Enquirer: 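Have a look at this one.
Residues take their numbers from the sequence shown, with the count starting at 1. What you see is a predicted model; the values in this text were computed from it and never measured.
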Amino acid sequence: MLARRLELLTEVERLARTLQIPDDVGYTCETAAHFWLLHVYSRWEEFIASCESAPGTPGIVRDKFPFKEFFSNTPEPVFSGESFERDMRAAKGCFRHLTTMFQELEECLAFELLKSTADRANYLMTKQAKIVAMTCTHAALKRKDFLRLGFKFDNLLMEESAQILEIETFIPMLLQRQEDGLSRLKRCILIGDHHQLPPVVKNMAFQKYSHMDQSLFTRFVRLGVPYVELNAQGRARPSIAKLYNWRYRDLGDLPFVKEDERFHLANAGFAHEYQFIDVPDYEGRGESEPSKWFYQNLGEAEYVVSVYQYMRLLGYPASKISILSTYNGQKHLIRDVVEKRCAGHPWFGRPSKVATVDKFQGQQNDYILLSLVRTRMVGHLRDVRRLVVAMSRARLGLYVFGRRSLFEQCYELQPTFLQLLQRPDKLALVLDEYSHPTHRRVEDIGRAQLVGGLEHMAYIVSEMFSKCIHMQSVSSSI
């Protein structure tokens with residue numbers, strides 16, 4: 001807005017010079033407004049009066065138009081002098097341009113009067129903004145301010161509304177004062193997925209017995225309120241989408257994911273685009289619980305980070321890789337391993353995100369490395385909604401690390417794990433591919449070699465790292 005103001009004031013200065021006005025009319029929006037009334041609009045009225053006194057005269061518009069010099073920088077002459085009607089249309093078009101310019105300056109006037117950033121932001125939000133985005137929490141905190149400012153809107157769009165508490169859904173509807181006892185709000189659109197995670201309610205009594213974890217979106221669906229359900233996904237490869245589309249009614253694929261070349265190429269260095277990797281006990285231990293509910297699995301953390309290093313050495317961008325875990329404790333452990341092994345080295349760096357599945361809902365990335373953590377009990381992954389979130393974050397590659405003997409026995413997870421376990425439960429790599437991307441097709445598994453376990457994976461990464469250092473030293477000596 002401020003940059004646009006300076007551009008417009010520069011144009012006003014140029015217009016004043018063409019009219020031979022010596023005053024500094026482009027100093028502020030206020031002086032520009034006076035210049036419009038005293039010199040621009042008055043000259044236009046005189047011009048219109050002159051043209052009406054001699055209607056139809058071919059050259060009168062060209063001779064009398066007062067702003068010819070200002071519009072002299074156009075690629076072609078504005079007036080031909082041959083047709084009165086054509087020239088008059090051109091003159092009115094030029095005046096509309098001037099009118100729009102001064103109207104924009106009038107809108108910028110508030111920025112000269114309002115000095116603080118907060119006042120300017122409030123002005124933009126209430127007078128200029130077409131779309132205002134905020135969280136429900138922010139709406140609750142700032143409701144009094146919105147009412148005081150006279151904030152008005154007609155339409156409300158709520159994203160991820162299936163993950164919002166029912167009471168929170170009503171807060172954004174009450175951010176403006178009623179008019180004659182009626183709400184100005186005309187339309188409320190809820191967008192969400194009730195097959196994914198519900199709102200978080202930490203008190204188990206409120207969650208189970210009061211059903212506070214049910215969103216308004218889910219309530220409407222359960223009550224049979226008519227709704228529009230998407231029947232095609234455009235995020236993931238069709239093969240990856242099959243891991244979770246059984247949960248939806250007739251969920252197909254958009255033409256984009258069937259036609260785009262990226263979805264037909266294999267992941268460099270990997271035999272499969274998705275795979276479940278069985279991780280046995282590491283140093284005699286599976287899951288651990290340093291404190292209550294703080295589950296960790298060192299073997300899976302080390303394995304996941306080794307695969308991340310392998311991908312980085314092949315040339316996968318760190319921004320395209322996210323590491324997810326089903327537990328907060330494992331997230332912190334993976335971050336510690338990443339900081340120790342990757343963060344300080346320019347060839348590795350940190351991945352785009354290391355997060356829990358719950359926090360990653362609503363996000364996506366090209367490649368997802370997922371750690372399931374548990375080795376004694378399935379835990380809260382038994383909730384199918386959490387499984388759907390976990391499986392649906394990846395676009396091009398999904399690699400799941402967990403304990404096969406535990407998760408293949410879970411009835412709730414059967415539709416997904418029956419597909420995952422159709423492939424080997426040891427990571428299948430294509431070690432004769434040395435860079436990303438590859439031209440190999442996704443259905444071609446190449447010369448796949450199975451990784452024996454964490455120690456084998458660490459050895460592969462070590463060998464690749466040594467080769468990269470050797471190649472770099474050779475190239476620098478040349």
Enquirer: How long is the straight-line distance from OH of Y308 back to CZ of R341, given to the nearest 0.5 Å?
Expert: 14.0 Å
Enquirer: So, do F35 and L19 sit near enough that their side-chain heavy atoms are less than 4.5 Å apart?
Expert: yes
Enquirer: If the plane angle is over 60° it's perpendicular, under 30° parallel, otherwise tilted; pick one for Y310 and F270.
Expert: perpendicular
Enquirer: Measure the shortest side-chain to side-chain distance between R17 and R14 over non-hydrogen atoms and say whether it is less than 4.5 angstrom.
Expert: yes
Enquirer: What pairs with E46 under side-chain contact (heavy atoms from CB on, under 4.5 Å), at least two apart in sequence or on another chain?
Expert: none
Enquirer: Report, as yes or no, whether the 6.0 Å neighbourhood of atom CD1 on I131 holds more than 12 heavy atoms from other residues, nucleotides or ligands.
Expert: no
Enquirer: For the pair S161 and T169, evaluate side chain to side chain contact (heavy atoms under 4.5 Å, CB included) and give the outcome as yes or no after the intermediate values.
Expert: CA-CA 7 Å; S161 56; T169 311; 5.7 Å; no
Enquirer: What distance do E168 atom CD and L216 atom CG have between them, rounded to the nearest 0.5 Å?
Expert: 12.0 Å
Enquirer: Counting only pairs under 3.5 Å, give me each side-chain donor-acceptor contact of residues 344-357, with atom names and distances, residues two or more places apart or in other chains.
Expert:
unit_1, atom_1, unit_2, atom_2, d
H345, ND1, W347, N, 3.0
R350, NE, E339, OE2, 2.6
R350, NH2, E339, OE1, 3.2
R350, NH2, E339, OE2, 3.4
K353, NZ, Q363, OE1, 2.6
T356, OG1, K359, N, 3.3

Enquirer: Begin from the C-alpha positions of L165 and V201 and carry the test side chain to side chain contact (heavy atoms under 4.5 Å, CB included) through to its verdict.
Expert: CA-CA 9 Å; L165 288 171; V201 179; 3.7 Å; yes
Enquirer: Do the ring centers of H272 and Y399 come within less than 6.0 Å of each other?
Expert: no
Enquirer: How about K68: does its NZ atom have over 12 heavy atoms from other parts shown lying under 6.0 Å from it?
Expert: yes
Enquirer: What I want to check is whether the side chains of N328 and K331 have a donor and an acceptor closer together than 3.5 Å.
Expert: yes
Enquirer: Check whether R235 reaches the backbone of R395 with its side chain - one donor and one acceptor, N or O, closer than 3.5 Å.
Expert: no
Enquirer: So do H332 and F294 actually touch side chain to side chain, heavy atoms under 4.5 Å?
Expert: yes
Enquirer: Within a strict 4.5 Å, meaning less than it, do heavy atoms of the D24 and T31 side chains meet?
Expert: no
Enquirer: Is N365 reaching over with its side chain to a backbone N or O of S319, donor-acceptor style, under 3.5 angstrom?
Expert: yes
Enquirer: Classify the ring geometry of F102 against W36: parallel below 30°, tilted from 30° to 60°, perpendicular beyond 60°.
Expert: tilted
Enquirer: If you count the non-hydrogen atoms of other residues, nucleotides and ligands that lie under 6.0 Å from CG in L38, is the total more than 12?
Expert: yes
Enquirer: Would you mind reporting whether L175 and M134 have side-chain heavy atoms less than 4.5 Å apart?
Expert: yes
Enquirer: Within the 4.5 Å heavy-atom criterion, are V78 and F65 side-chain neighbours or not?
Expert: no
Enquirer: So with a 6.0 Å cut-off around NZ of K144, is the heavy-atom count from everything else above 12?
Expert: no
Enquirer: Salt-bridged, E107 to R5, with N to O below 4.0 Å?
Expert: no
Enquirer: Would you check, one step at a time, whether the test ring-ring contact (aromatic ring centres under 6.0 Å, His included) holds for Y41 with W44?
Expert: CA-CA 5 Å; Y41 195 71; W44 173 255; 8.3 Å; no
Enquirer: Taking the side chain as C-beta and beyond, is there a heavy-atom pair between L190 and Y227 under 4.5 Å?
Expert: no
Enquirer: Evaluate the side-chain proximity of I321 to Y316: yes if any heavy-atom separation is below 4.5 Å, no if none is.
Expert: yes
Enquirer: Can you classify the ring geometry of Y248 versus Y244 as parallel (below 30°), tilted (30 to 60°) or perpendicular (above 60°)?
Expert: perpendicular
Enquirer: Counting neighbours of OH on Y123 that are heavy atoms of other residues, nucleotides or ligands and sit closer than 6.0 Å, is the number greater than 12?
Expert: yes
Enquirer: Is the OH atom of Y27 crowded by more than 12 outside heavy atoms at less than 6.0 Å?
Expert: no
Enquirer: For R262, is there any backbone N or O sitting under 3.5 Å from a side-chain donor or acceptor partner on D260?
Expert: yes
Enquirer: Is a salt bridge present between R184 and D154, judged by a nitrogen-to-oxygen distance below 4.0 Å?
Expert: yes
Enquirer: With a sphere of 6.0 Å drawn around CD of Q364, does it hold more than 12 non-hydrogen atoms of other residues, nucleotides or ligands?
Expert: yes
Enquirer: Heavy-atom count around E30 CD within 6.0 Å, excluding the residue itself: above 12?
Expert: no
Enquirer: Is it the case that the side chain of D87 and the backbone of F79 share a donor-acceptor pair, with hydrogens and angles ignored and the cut-off at 3.5 Å?
Expert: no
